[in-house]
Amino acid sequence: MRNFHLRSVLLSPLLALALVAPALHAADWPTYAGNYARSGVSPDPLPTSPAEAWVWRSAQPPQPAWQGEAKWDGYNKVFDMTPRQIFDRAFHAVVAQGRVYFGSSADDKVYCLDAKTGRELWSSYTEGPVRLAPTIADGRAYFGSDDGSVYCVDAVTGQPVWQTLAAPKDRRIPGNGRVISNWPVRTSVVVMSGTVYTTAGMFPSEGVHLVAFDAKTGKELWRQVQTDLPAQGYLLASKSRLYVPAGRNNPVVCELATGKRQRVVEGAGGTYALLTDDMLVFGPGKNGQLGAVEEGQSDQLASFQGNHMIVTPTRSYLHSDTELSALDRARYLDLARQRKALAKRQSDIVKEIRKLGEKPENAAKRDALKAELTGIGTKVDELTAGMENCLVWKIACRWPLSLVLAGETVVAGGEDEVTGFNAADGKTVWTLPVKGKAYGLATADGAVLVSTDAGTIHCFRGPGQRAALESKEGRR
Amino acid sequence: MNTVLRWLRQLMARKVGAGTTRAAQSSGALPRDSQQCGGFSPTHEPPGGWLDFQRLAEGRFRGTNCGFWRAVESLHEPEGKLPPLTRPSGTLSPPRRRGEGWGEGCASSKFRGTNREPWRLGESIPGGEGQGEGGLGHTLRATVLHSVEINPAILRFPRFPLTPALSPGEREKVTTAGTNLTPEASIQPETGLAAAPERRAPALLVLFTSRFSKDWSPALRFAVSLVTLCVATPLFAQQEPGLIAHWRFAPERSLGDNVKPVAGGPEVTFRGPVKFIADPGPPRAELDGQTTDLTVAPDLSKALLPTQDVSVESWVRMDRAGTWGAIFGALQDNGEFERGFLLGNRDSAFCFALASEKTKKLNYLASAKAFELGRWYHVVGTYDGAALKLYVNGTLAAEAATESGPIAYPPKAPVTIGSYQDDDEHYRLTGAIHEVRLFRRALAAGEIGSRYAARKAEFPEPAPPPKLLRLAYGPFVEWRDRNTAVVSYETDAAISTRLELELPGGKKVSLGQDGTRTRHEVVLSNLKPDLEHHYRILAPADGANPVQSKRYQFDTTFYWEPPMVPAAAAKVAAGDTKLAKVAADLLKQSGARDGYCFVLGAVDGRLALELVRQSRMDVIVVESDPARVAAVRKTLDRAGVYGARASVHHAKGNELPFGDMMANLIVSESALLNGEPPFVAAAEVARLQRPVGGAVLLGTPNRSFAKQPSRTDWEKWAAGAELPLAKLEAGEDGLWLRSIRPALVGAGEWSHQYGSADNSACSQDELVGGELQPAWWGDPGPRPMPDRGNRNPAPLSVNGRLFVQGNRVLFGLDAYNGAILWSLSAPEVRRANVTRDCSNWAAAGDRVYLVHGRYCLALDGQTGARSQRFEVVENTPGAYDWGYVSVTKDWLIGSRQKSGGAYLGDDGEWYEDYAPDQVSRVTSDRLFAYEPATGKLKWTYQRGAILNSTITIADGMVLFLESRNPAALATNTCRLPNEVLTDQVLVALDANTGRELWQKAHDFSACQFMTYLVYANSTAVVTGTDKNKNYHTFAFNAPPPGRKDAGDSVEDAIPGRLLWSDTHKEDKGHHSGHLQHPLIVGSTFFSDQRSFDLRAGKLLRTDLPERRGCGVMSAAKNAVFFRHHFHGMWDLKSDKRIQFEGIRTGCWLGLITSGGMLLAPESSAGCSCTHAIQTSVGYFPKSLLKR
């Protein structure tokens, strides 16, 4: 069983970085996890008693690229290792302007459904599996495919606007059981300020490309090539940076304007990642552990036992294989700030003491510093204890596969079920049946969309909404 | 209850500040060390000699308030003797870290500031003792007593003393401060702190009494408290003298992933699927020996271990006897460094081992009598500073007086229950533990006898042990569909069997056929995907003893069949019988079944749909006309096969984007239905054709779909292109252009462990080298593979196929496109440590020959079907296994070895060190040859104990080393240590007749870690390293029969003549640097990081590539492959070294060359690293590629 656990590391002061999200309708969920910080948070509340409005079923289930981690690390005797590459086990849905969009790794298409009825409005072919969700921006849908290309289509009609290779050339070979590009697009796309950002590449020795295109025309703006890491997992972006997950390895941080690499962060690897206002949280490593790396840094500042995390200005929600917990984030950060200041002083004192050496004439000064050090140590301990007492609630949770927050409801996906919890106290609000393992969650317009490894997308709404929709449908 | 909660809350809120203040006030009076420690050092309060609780409380609260929670919990400990208190959920913070010890859980903050190492409650202090009690006692009493400001009289109550954790220096200061508490007294639980919670309970009861009676007058409260204490104390005073901790492994004691101690501490943390069972008794934890750990403390420093006198008492049941095992362990036994102690087992005997300061060596004291598996035992080890004693069932089983003085502990070591764990080893107990007690004194013999007698009735006699059902053959598990699999196996006698299937969750289902038979088949239906199942085969009981097979595993994640064709496909294709027939004919003519089929030029997709329906291929339709692209997509989409089984790629020019040599079959729907040759040039078609059988079949059947193109049309289309071996033939079925691509010229094969049976580790492939590019990647990934490949059998590749051994799962792949042709769950197929053994498979032509128990099976390379079976010679069922295997078209050579001797590597062993259970060689007592085609036995050889790792076949000879020490054959195992393998002789047999050609006695005793034999160019080279990791190499003249020599001199004709030898210290110094298997490329012998002239022995180079990992090198004619950080290649022509970043191979031979490709099946598996990609991959040299 994995437990809530905060490692005793120091946190930095907050840097005032705003979350970056496409400017769309408030109820939209226009890209994976709602925004490019991949926060998984929607301000819109969910109904108190949702029920299934429609369900979409794929002819073939999702065809994930990777089967999972090894069964054990025999040398270190580590069992039940956590898969580090979970990004395509379900068809993740996004929602914009009353339409639901998703890509399919089973039939190489991107679909658009009517969010109210689940009726297919259009679908658009690519020539390889579409493993990650499209992004909707400015009335267009943008997506990448294992065929190495990025596509832009009209979000309403599905008509092609442009298509261009993100791969350096069109070379297709068998990869993960399909004939796909030597440089598949496996990070989805980010569309910001008229620019589309994406990656293409699997084998570092073949070059892994970070590319920017003009969103209107598809014209290539710049291209950076890395030769040490692949690019797999949802791309993240802040106002000034791109974050490129690297499969089992650790994310790469690049400059948004140019794609130039700034650093590779440290951690235990994994494709799950989100940006908070001042740090990158990613994992799950080999044991279900999320690492937090402060903006501008490479090394980890904190680690949390868990697979997913939701961060709001006041609270963090941590989701492990067996538990869901809420943390008083404001208090935690306040204490962390204090502790960091003290830690800095501690470090300075130690240096000063070293400088003084063992000379007898420095004894008094040395003793004074030591006394101060003792006092600081006491205070640091108090702060640490205080941070560890920031837990607001913790519950056992058997829905460990996905996590989002909508309004005041935390939604967790499990096998054949999703459950909503009251964010204030962790009490279960509702549990809904689905078919398969719920690896994908999205919320928009008061609806919950659940994507499973069986290839289904379930839409749940409140009774009022359903009745309204039914009457509308009836009038048609 | 609310009153209690309110009280607890008030208590918390009120006393944090108070404690801090008092500590600050009093810190000036403390010894200096204590000041540095934040004022957390105890002082004494004369005349009673008791401790300053206020300071303890201060320390407690400063860390965390979770200790308070623990205090409340501990009230339950006397098991119902106190009114139960409900955990005040939501009002107090929970323990900060579950799973850590009592002391640590309560106060793990860094009390000590920063100018010395953090010093925690519950931790040991260097050189100190009694710290465990400190951890327990401090927290509880400090919290409560201080908080309620109880009358100091109670603090001095003689039955309720406190003992803090004191360093020797601190104790000294305490003592000299004029108290009556001596250092010894302060650390003895029986005179100092009561470790057991039974002792704490009375005081708490008093506290509660006094608290709840707050309306009473102070005098009344005190009186009632005192009376209550006096009454209550005897009730709870069950302290066992000297007891440090008592852990009982019963369901009610497990909390989350911890086991609460009955007395003392800390809690035991468990990991893995520990089963706690209460009924039928005795209550116990069942340990599977594979995945479960019970950890008292991750490091000694957090444990409560005595300095000298010690007893460990346990009730335990062993279900398997490992070479090393521990019931309770706190040790390091790493080569020359031996420290700590353990109670456990060596093989089938219980043992107690301890290193004292006198010897600093672990003296393993073992019982002369073996334990019975499945029986409960009372096992006690004692040490009193002089005598080491082991008691089994109340009786002294062994004793020694070699040790004296304090226990010599290592600087760090985990403290474990049920596993022997140090820095180098981790062996888990298979069986059950009821309880373990740890004492700080040596229990007396009489006492131990009484303790055993008092409880032995609680432990039932074991049920009659099951007898092992040894299957003659199998089991194998094969899929019928995603939810159904078939288990097949054979028994020697015709019996009725049942298959007991354990469903995930533990429920068991009995399945089987009625009646007696030798061949059995059981269908497993309604299987859920992505879950592990286990099963056993049950045979009729033998008297009272059940008879059952080993427990096998079957994982439904391991399903690699192509995605299912939905029923909709049949509806879409309905009525197209003529096309269905043509599709069937195309498949038959080409022999294509799996992989990739290209349909170049489409009409409406009906042909693609038929090919999907009738084969396992992924069909790629390529069409330039957008309208046809749309039509085909529509057809395939309606049939529900678009994407996962068939897709359409829109060609936008004459050059196709597809990589070279990947197509198993190329056809054209436009030619077939419309009589139009493909829209792309023939050169492009030829480029896609896979070597070794890739087929192009283009034509239009007579009297069918369309007007046929003329011969001229086809000739025009094919003009200038090099369609290999293309024929344009007119027949009854029309005019057809047929092309089957042969093997690439210059391509090599990897048919045996080290390339070929000559063990040269060179494929002789001339094509691989220069720059390489991925040709394909994909499954198998890490999940079905053994962790990191601990010296496992190498993959094989012949005839355009790749064969890979996972962990008891086998795969056949298309070497040119990575398509999985078949997989087979074969739980009895496993071999590891081929460094001291040989591989268990070889391949030739269309077959793989796989060792399975006493048989060698011929598997069809394309389908995995078991087509033929050979049995080991002179076999007695159960007595012998098939050992070595080598195959050519002329012979199948095998060896016979005593059953059960092969290494399995199931516990993640590394086989890196010099230890008998790692370096002992697997040997055979017979060599024999069959004719593969007929199964006829050609010859048999027997003389000495043949070292499997040396069997080498080349140029019509079978070469090997054998020990002619009679003892080597006389033992009952085939796995022999160096001491037995004396009198080694190099032997050469005629491979056709088995007749001995020559022999050469030589001193090979320096080959201690391993012994290899490789051959090329009339030269046989023996290599090995001694235990100091010096390489020893001996090259012998070995001219083949009928050919005198490799040179012209008379000397060259003398077989067995030593040509040269070399000795050097290993160059690498880590990660198998001393275990490298040599290579021979052309006339150069490569070993370790050096190369030599093969015949002359001249040292040529000493700068072979550095190899960071545990792998071993392999070669083609122009390149050497190895693992550095990643897949690595050294191009011999250019002398350039490159790595393929982000991807690594395993810990033996995982990079092979064959068919013009570098093939790298995934073998890093459980690597803790963050290598970015874990996948199987095939690389082509760019020189072979056009695209």
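In the text below, chain A, chain B and the rest are named by the order of the sequence lines, each starting its count at 1. Just so it is clear, the structure is predicted and the values come from calculations on it, not from any experiment.
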**Student:** Using 0.5 Å steps for rounding, measure from the CZ atom of R248(A) to the OG1 atom of T1175(B).
**Tutor:**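 The CZ atom of R248(A) sits 11.5 Å away from the OG1 atom of T1175(B).
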
**Student:** By a 4.5 Å heavy-atom criterion (distance strictly below it), what part of A819(B) contacts chain A: side chain, backbone, both, or neither?
**Tutor:**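 When you check distances to chain A, no heavy atom of A819(B) falls under 4.5 Å.
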
**Student:** Distance from H1171(B) atom NE2 to N249(A) atom CG, nearest 0.5 Å?
**Tutor:**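 The CG atom of N249(A) is 9.0 Å from NE2 of H1171(B), to the nearest 0.5 Å.
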
**Student:** Most heavy-atom pairs under 4.5 angstrom with chain A, which of P566(B), P563(B), G818(B), A568(B)?
**Tutor:**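 The candidate making the most pairs under 4.5 Å is P563(B).
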
**Student:** If the condition is side chain to side chain contact (heavy atoms under 4.5 Å, CB included), which residues does H1125(B) pass it with, not counting sequence neighbours?
**Tutor:**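 H1125(B) satisfies side chain to side chain contact (heavy atoms under 4.5 Å, CB included) with R1108(B), Q1139(B) once adjacent residues are dropped.
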
**Student:** Minimum heavy-atom separation for N182(A) and P774(B), please, with both atom names.
**Tutor:**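 For N182(A) and P774(B), the tightest heavy-atom pair comes out as OD1-O, 4.0 Å.
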
**Student:** Who among G778(B), P784(B), G781(B), A775(B) has the most heavy-atom pairs with chain A under 4.5 Å?
**Tutor:** A775(B)

**Student:** Is there a donor-acceptor contact under 3.5 Å from the side chain of Q60(A) to the main chain of M564(B)?
**Tutor:**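 Yes, because the side chain of Q60(A) sits within donor-acceptor range (under 3.5 Å) of the backbone of M564(B).
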
**Student:** Of the listed residues (M785(B), R645(B), E532(B)), which shares the most heavy-atom pairs with chain A below a 4.5 Å separation?
**Tutor:** E532(B)

**Student:** I need the S205(A) OG to I1138(B) CD1 distance, nearest 0.5 Å.
**Tutor:**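 Going from OG on S205(A) over to CD1 on I1138(B), the span is 8.0 Å.
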
**Student:** Give, as side chain, backbone, both or neither, the part of V629(B) having an atom under 4.5 angstrom from any heavy atom of chain A.
**Tutor:** neither

**Student:** Looking at every heavy atom in both P230(A) and A1172(B), which two are closest together, and how far apart are they?
**Tutor:**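 Heavy atoms of P230(A) and A1172(B) come nearest at CD-CB, 3.1 Å.
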
**Student:** Pick one of side chain, backbone, both or neither for W910(B), based on which atoms fall under 4.5 Å of a heavy atom in chain A.
**Tutor:**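 Side chain only.
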
**Student:** Just to verify, which of F1140(B), F1126(B), W777(B) counts as forming a ring pair (Phe, Tyr, Trp, His ring centres under 6.0 Å) with F203(A)?
**Tutor:** W777(B)

**Student:** Which residue in the set D555(B), D787(B), D906(B) passes salt bridge (Lys or Arg N to Asp or Glu O under 4.0 Å) when paired with K71(A)?
**Tutor:**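 Among D555(B), D787(B), D906(B), the one that satisfies the salt bridge (Lys or Arg N to Asp or Glu O under 4.0 Å) with K71(A) is D555(B).
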
**Student:** Not counting sequence neighbours, which residues clear salt bridge (Lys or Arg N to Asp or Glu O under 4.0 Å) with R84(A)? List them please.
**Tutor:**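 Checked R84(A) against salt bridge (Lys or Arg N to Asp or Glu O under 4.0 Å); matches are E69(A).
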
**Student:** If you tally heavy-atom pairs under 4.5 Å against chain A, which of E655(B), Q773(B), R428(B), E1162(B) wins?
**Tutor:** Q773(B)

**Student:** Counting only non-hydrogen atoms closer than 4.5 Å, does L688(B) touch chain A with its backbone (N, CA, C, O), its side chain (CB onward), both, or neither?
**Tutor:** neither

**Student:** Where is the tightest heavy-atom contact between A70(A) and G1166(B), given as atom of each residue plus distance?
**Tutor:** CB-N, 3.4 Å

**Student:** Looking at A644(B) and R178(A), what are the two nearest heavy atoms and their distance?
**Tutor:**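 For A644(B) versus R178(A), the nearest heavy atoms are N-NH1, 4.0 Å.
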
**Student:** For K427(A), is the NZ atom crowded, meaning more than 12 foreign heavy atoms sit under 6.0 Å from it?
**Tutor:**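 12 or below, so no.
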
**Student:** In the structure I gave you, are the side-chain heavy atoms of D73(A) and R788(B) within less than 4.5 Å of one another anywhere?
**Tutor:** yes

**Student:** Hey, does the side chain of R171(A) reach the backbone of R1187(B) with a donor-acceptor pair shorter than 3.5 angstrom?
**Tutor:** yes

**Student:** Under 4.5 Å, counting heavy-atom pairs only, tell me which of V179(A), D147(A), D108(A) racks up the most with chain B.
**Tutor:**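 Of the options given, most contacts go to V179(A).
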
**Student:** Got a salt bridge between D637(B) and K109(A), using NZ or NE/NH1/NH2 to carboxylate O under 4.0 Å?
**Tutor:** yes

**Student:** Can you tell which part of L656(B) gets under 4.5 Å to a heavy atom of chain A, answering side chain, backbone, both or neither?
**Tutor:**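 No part of L656(B) comes within 4.5 Å of chain A.
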
**Student:** Taking A59(A), G177(A), P129(A), P83(A) one by one, which has the highest count of heavy-atom pairs under 4.5 Å against chain B?
**Tutor:** G177(A)

**Student:** Could you look at R633(B) and say if it's the side chain, the backbone, both or neither that has a heavy atom under 4.5 Å from chain A?
**Tutor:** both

**Student:** Do the non-hydrogen side-chain atoms of D618(B) and P174(A) ever get within less than 4.5 Å of each other?
**Tutor:**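 The answer is no; the side chains never approach within 4.5 Å.
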
**Student:** Nearest 0.5 Å, what's the OH-CD distance between Y75(A) and E912(B)?
**Tutor:** 8.0 Å

**Student:** Side chain, backbone, both or neither: which part of C1147(B) has an atom under 4.5 Å from a heavy atom of chain A?
**Tutor:**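 Nothing of C1147(B), per the 4.5 Å heavy-atom cut-off to chain A.
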
**Student:** Which bit of S58(A) comes within less than 4.5 Å of chain B, counting heavy atoms only: side chain, backbone, both or neither?
**Tutor:**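 Neither part.
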
**Student:** Do the non-hydrogen side-chain atoms of T557(B) and Q67(A) ever get within less than 4.5 Å of each other?
**Tutor:**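 A side-chain contact exists here, since the closest heavy-atom pair is under 4.5 Å.
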
**Student:** Would you mind telling me which of D779(B), D907(B), D530(B) has the largest number of heavy-atom pairs within less than 4.5 Å of chain A?
**Tutor:** D907(B)

**Student:** Looking at every heavy atom in both G908(B) and W72(A), which two are closest together, and how far apart are they?
**Tutor:**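 Closest heavy-atom pair between G908(B) and W72(A): N-CH2, 3.4 Å.
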
**Student:** Checking I173(A) against F658(B) for the side chain to side chain contact (heavy atoms under 4.5 Å, CB included) test, could you report, in this order, the C-alpha distance in whole Å, the side-chain angles of both residues, the deciding distance, and whether it holds?
**Tutor:** CA-CA 6 Å; I173(A) 58 173; F658(B) 308 105; over 6 Å; no

**Student:** So, E127(A) side chain and H650(B) main chain: donor-acceptor pair closer than 3.5 Å or not?
**Tutor:**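 Answer holds: yes.
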
